[in-house]
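This chain uses plain numbering: 1 for the first residue, then up along the sequence.
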Amino acid sequence: MRSVKFELEAIDSLQSHLKILRAKKVLLVTGKKSYAKSGAKKIIENLDGDFEFIRFKEFDENPNILDVEKGVRIFKKNDCGCILAIGGGSSIDMAKLIKFFAPKTEPYLNKFDIQLSPDDNIPLIAIPTTAGTGSEATQFAVVYVGLEKYSISDILLLPNHVAIISELHLSQTKYQKAVSGLDAFSQAIESFWSVNSTEESRDYSLKALKLIIPSLQEIVFGEGDLVAYKNMALGAYLAGKAINIAKTTAPHAFSYYLTKRFNLPHGHAVAVFLPSFISYNFYLNNNHNLDYDCKQKFLLSELNKLLPSKPSSKSLATNIENFILSLGVEIDINRLGISKQDMIIALKSGNAQRLKNNPREFDLHDFVKETSMFR
């Protein structure tokens, strides 16, 4: 059974859910600073129940297999019966990875595709402290082995219970809010045009965009309007539900190299590629003739209506770029100190699983020729 609760109801439901699970020892997977800074620590400390929390926070921002092994050992050593993840995508992914590998024996490197059985379904609760990754709504987790990135997928990795409390997002910096939100923004676009999209996933995508676009600038530069934070949290959750069905595409596929090589936050790395793939996916030849496939045409129309750009803007790609820049996020590779050689390496090392979902087959020569990334 899976449940999702929002705001004050989410706090009440957290305690009742732990009691239903009869959780005595809980592995608490958190970020190093966000747990206290966000206010989540106070929520946990005020829970009324005989719960013992064993905190695990010593892991990299981009989960690697060595840290996963460490987390599994702590989980087993303390005989935990439940995992509670509080944090951004890294914390929730780490919790999922511990759940995934805990029933398995080391070494784990040859066990990435072995699915969990119902008997191995360790209860997992997720409380996101960012609005962006959508990890609380997906069955995926990312793990690095050295510089190689792997995606784990298992239906049992969907959290059993999700508590979305938008006030936990208030303490983030403007930059953190912007890049987290851009991750969700890109997820909503990519899941819409993905070759795996369905009527259901596109409905989630569009609802997400209608919430994210007007809310994102407000939470980055506004005066703390809680309605915008609530809408952004819901939009990010819906974008997560969309990618859980349709999966992400090229902008995500190529983002991982920039994250590992330049320590660029995931949402920022995705944003670097998004405008260029708007051009590449919508315009199918050197003359930039539109592909009037119904799905693509509808997405183009909706985005141009939603984006806060002037009607005279030349193209959707330009509107998207202006929206990203308006949030204070730089995507020009020269200004970011990323060389053309590094971008070529990134474009040659894209995640194959994600690239398969892109609506247009990727060709490096055509991409360089047709987009403005290297100009």
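Checked against salt bridge (charged side-chain N to carboxylate O under 4.0 Å, His left out), D154 has no partners two or more places apart in sequence or in another chain.
Note on F53: it does not cluster hydrophobically with I98, by side-chain heavy-atom contacts below 4.5 Å among ILVMFWY residues. Taken together through direct or relayed side-chain contacts under 4.5 Å among Ile, Leu, Val, Met, Phe, Trp and Tyr, L158 and I125 form parts of separate hydrophobic clusters. V4 and M232 sit in two unconnected hydrophobic clusters of ILVMFWY residues. Membership requires side-chain heavy atoms under 4.5 Å apart, directly or through other members. One hydrophobic cluster holds both M343 and I345 under the rule that ILVMFWY side chains link at heavy-atom gaps under 4.5 Å. Both L209 and F323 are assigned to one and the same hydrophobic cluster, defined by single-linkage of ILVMFWY side chains at heavy-atom distances under 4.5 Å.
Identified under the salt bridge (charged side-chain N to carboxylate O under 4.0 Å, His left out) test for residues 233-262, with sequence neighbours left out: R261-D342.
Using the six-membered ring where Trp is involved, W193 and F282 have ring planes that are perpendicular, over 60° apart on the 30 and 60° scheme.
At distances below 3.5 Å, not a single donor-acceptor pair connects side-chain atoms of Y204 with backbone N or O atoms of G240. A side-chain donor-acceptor contact under 3.5 Å links Q176 to the backbone of T173. D60 places no side-chain N or O within 3.5 Å of a backbone atom of N62 that could act as its donor or acceptor partner. In this structure a side-chain-to-backbone donor-acceptor pair under 3.5 Å is missing from K174 to F221. The backbone N or O of A246 lies less than 3.5 Å from no partner atom in the side chain of N357, so there is not a single donor-acceptor pair. Although no hydrogens or angles enter the test, the distance criterion places no donor-acceptor pair under 3.5 Å between the side chain of S91 and the main chain of V29. Under a 3.5 Å cut-off, the side chain of K96 and the backbone N or O of L156 do not form any donor-acceptor pair.
Separation of atoms OG1 (T248) and CG (L355) is listed at 10.0 Å; rounding is to 0.5 Å. Taken from OG in S34 to NZ in K41, the straight-line distance is 12.5 Å, to the nearest 0.5 Å. With rounding to the nearest 0.5 angstrom, the OH atom of Y150 is 10.5 Å from the CG atom of D113. A distance of 7.5 Å separates CD1 of I11 from CD of E167, quoted to the nearest 0.5 Å. Distance check, rounded to the nearest 0.5 Å: CG of L327 to CG of L182 gives 5.5 Å. H17 contributes atom NE2, which lies 10.5 Å from atom NZ of K5 (distance to the nearest 0.5 angstrom).
In terms of heavy-atom proximity, L347 sits nearest to F254 at O-CE2, 3.2 Å. Residue G81 comes nearest to I122 through the heavy atom pair O-CG2, 4.3 Å, listed as atom of the first residue, atom of the second, then distance. Scanning both residues, P128 and H169, for their nearest heavy atoms gives O-NE2, 3.3 Å. Of all the heavy atoms in Y144 and K149, the pair that sits closest is CE2-CB, 3.4 Å. What you find for A239 and Q187 is that their closest heavy atoms are CB-OE1, 3.9 Å. The nearest pair of heavy atoms linking P159 to T138 is CD-O, 4.0 Å.
Heavy-atom contacts from other residues, nucleotides or ligands closer than 6.0 Å to CG of L109 number more than 12. For E45, the CD atom is densely surrounded, since the number of other residues' heavy atoms within 6.0 Å is greater than 12. More than 12 heavy-atom neighbours from other residues, nucleotides or ligands sit within 6.0 angstrom of NZ on K104. For E61, the CD atom is loosely surrounded, since the number of other residues' heavy atoms within 6.0 Å does not exceed 12.
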With side-chain contact (heavy atoms from CB on, under 4.5 Å) as the test, would you mind laying out the steps for I189 and F185 before giving the verdict? CA-CA 7 Å; I189 292 174; F185 175 63; 3.7 Å; yes

Please determine whether side-chain contact (heavy atoms from CB on, under 4.5 Å) holds for the pair I54 and K25, giving the CA-CA distance in whole Å, both sets of side-chain angles, and the decisive distance to 0.1 Å. CA-CA 7 Å; I54 295 91; K25 291 187 175 183; 4.1 Å; yes

Trace of the side-chain contact (heavy atoms from CB on, under 4.5 Å) decision for R73 with E106: CA-CA 10 Å; R73 285 194 288 269; E106 296 186 51; 3.4 Å; yes

Test side-chain contact (heavy atoms from CB on, under 4.5 Å) on I331 and E321; report intermediate values, then the result. CA-CA 8 Å; I331 56 174; E321 183 173 347; 3.7 Å; yes

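The closest side-chain donor-acceptor pair between D183 and S180, if any, does not fall under 3.5 angstrom. S191 and S205 share a donor-acceptor pair across their side chains, judged by distance under 3.5 Å alone. Looking only at atom types and distance, the side chain of K340 has no donor-acceptor partner in the side chain of N334 under 3.5 Å away. Side chains of S13 and H161: a donor on one and an acceptor on the other come within 3.5 Å. For the residue pair S135 / D93, a side-chain donor-acceptor distance below 3.5 Å is found, with atom types taken as modelled. Counted by atom type alone, Y257 and K348 present zero donor-acceptor pairs between their side chains at under 3.5 Å. Between Q217 and S326, the side chains place a donor N or O and an acceptor N or O closer than 3.5 Å (distance only, hydrogens not considered).
Inter-residue side-chain proximity for I243 and E190 is flagged as unmet; no heavy-atom pair is nearer than 4.5 Å. No side-chain heavy atom of M94 sits under 4.5 Å from any side-chain heavy atom of S90. Between S166 and F6 there is no side-chain heavy-atom pair separated by less than 4.5 Å. Counting only heavy atoms from C-beta outward, the side chains of V26 and E52 never approach each other to under 4.5 Å. In this structure, S153 and Q353 have side chains that are not in contact, with every pair of non-hydrogen atoms separated by 4.5 Å or more. Taking 4.5 Å as the limit, some side-chain heavy atom of K99 sits within range of a side-chain heavy atom of N121. The closest side-chain heavy-atom distance from E9 to I164 is not below 4.5 Å. With contacts defined as side-chain heavy-atom distances shorter than 4.5 Å, the pair F56/F75 does not qualify.
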For residues 269-276, please give each side-chain donor-acceptor pair under 3.5 Å, one per line with the distance, not counting sequence neighbours.
none

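The distance between the ring centers of F101 and F112 falls below 6.0 angstrom. Between F367 and F277, the ring centre distance stays below 6.0 Å.
Remark: D67 engages K70 in a salt bridge, criterion side-chain N to carboxylate O under 4.0 Å. The pair R360-E370 meets the salt-bridge criterion, since a charged nitrogen lies less than 4.0 angstrom from a carboxylate oxygen. Using a 4.0 Å cut-off between charged side-chain N and carboxylate O, R202 and E199 make no salt bridge.
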